[in-house]
There are 2 protein chains.
Amino acid sequence: MGRPRGFDEAEVVRSAAGLFAGRVYDGVSVDDLVTHLGVHRNSLYKTFGSKRGLYLAALRWYVEHEIGVLAASLRRVRDFEEATRLVSDAGAGLDFLLLAAAERAPVDDEVAVEVNRALDVIDEAVGTFTAVPQATAALLGVRLRAKAGADRAGASPGSSPTR
Amino acid sequence: MGRPRGFDEAEVVRSAAGLFAGRVYDGVSVDDLVTHLGVHRNSLYKTFGSKRGLYLAALRWYVEHEIGVLAASLRRVRDFEEATRLVSDAGAGLDFLLLAAAERAPVDDEVAVEVNRALDVIDEAVGTFTAVPQATAALLGVRLRAKAGADRAGASPGSSPTR
DNA sequence: ATCAGTCAAGAACGATCGTTCCTCAACGGT
DNA sequence: ACCGTTGAGGAACGATCGTTCTTGACTGAT
């Protein structure tokens, strides 16, 4: 009954994770989501309730499906140098989501819960040299984000925004 | 000539750095600045030109005055464990500014410049075990921000914001 | 004492945000 | 073939954002 939806919900969540990983939460507008995800405004609110709902869905999907993979790799790592290289090589785009989520955690309890879940998984994975993996993940954020201003190709040509 | 200003510009910049370290750039409204800094809207725009002008002033002050101190301490550090403890003990509030700035760097060239300046200073300071200090700094951001949701005492009682 | 120049206080503006509403087209079950 | 339900499309709303403007009080140099 009714017209079938023209998008795959799981794929939308995954794409949303990519978008939210690239900018801060407030930096992604609903118009951005509608444009880049191919889902219409109405369907977005019907399916996820709100922008925050979609964000939480994306974050939870990320923590559930990606952090585990990262943790498994980290389990086989021996020193800091190697851990750094590992996280660096892993999907450079998506792993920013943890950093971006951490930035939002202070003002959103449910986000804080997910971030802590991710940190717990990573902690459990690396055991002995505790602080390293979060550090590497976060380090990559700072490093790569810092030089992203130059790279960002066709996205936004000019910078130094007025806003 | 004219009424003397009722605030100390340097102190305002320093306080602003503290505010911008606590939340993302977009998370700090001009009303917040006016309220917490004791500077009136008009004076703020007269002195700093814009919200972004004040932010850049605060970020530059931070990079110029605080990163050097941090780098000097890191110069005397021997291993990762010690570096982590060091950055952890250092002014827990202000050091978030680098992480927050990194988050903004992709969309603001001048911010990216300052972040890279800071990273260069830190790189130069630690020399041999390169990646460590940025990692520790960033690590603290993720860790502490994640649990900040619980701590944040009188600020915002409820969370899970509608916005 | 006067006056130019700044600060203080707050109203007001346009833009943009997240969200809702309305209308029409597209499909599945009977 | 028809009807009920859902998605697509887009206009519209209230709130909030950064910024500007208006008005009046205060101060230091002439």
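Convention: sequence-line order gives letters A, B, ...; per-chain numbering from 1.
Residue Val28(A) is in sugar-phosphate contact alone, with no base atom involved, counting any heavy-atom pair closer than 4.0 Å across all strands shown.
Nucleotide dT16(D) holds its P atom 15 Å from the NZ atom of Lys51(B), rounded to whole Å. Atom CG in Leu33(B) sits about 8 Å away from atom P in dG18(D), given to the nearest Å. Atom OH in Tyr45(A) sits about 17 Å away from atom P in dC13(D), given to the nearest Å. One interatomic measurement links the two molecules: CG of Asp26(A) to C1' of dA15(D), which rounds to 15 Å at whole-angstrom precision. One atom, CG of Leu54(A), and another, P of dT19(C), lie 11 Å apart when rounded to the nearest Å. If you measure from atom CG of Leu44(B) to atom P of dC7(C), you get 12 Å, rounded to the nearest angstrom.
Within 3.5 Å, a donor on the side chain of His40(A) pairs with an acceptor on the base of dG9(D), or the reverse.
Counting only heavy atoms from C-beta on, Asn42(B) has its side chain closest to dC21(D) among dG9(D), dC21(D), dC17(C). The side chain of Arg41(B) has dA11(C) as its nearest neighbour among dA8(D), dT19(C), dA11(C). Listed candidates were dT19(C), dA8(C), dT19(D). Nearest to the side chain of Ser43(B) is dA8(C). In the set dA11(C), dG18(C), dC17(C), the nucleotide with an atom closest to the side chain of Asp31(A) is dC17(C). Of the candidates dT19(D), dG7(D), dT19(C), the closest approach to any side-chain atom of Lys46(A) belongs to dG7(D).
Between Glu11(A) and Arg14(A) no salt bridge is recorded (no basic side-chain N to carboxylate O distance below 4.0 Å). With salt bridges taken as basic N to acidic carboxylate O contacts below 4.0 Å, none links Arg104(B) and Glu110(B).
For the residue pair Asp32(B) / Ser29(B), a side-chain donor-acceptor distance below 3.5 Å is found, with atom types taken as modelled.
Contact annotation: the side chain of Glu114(A) never approaches that of Tyr62(A) to less than 4.5 Å [non-hydrogen atoms, C-beta and beyond].
Comparing Ser29(A) and Thr47(B) by the nucleotide of DNA chain C that holds the closest heavy atom to each, the one mapping nearer the 5' end is Thr47(B).
Below 30°, between 30° and 60°, or above 60°: for Tyr55(B) and Tyr25(B) the angle between ring planes is above 60°, a perpendicular geometry.
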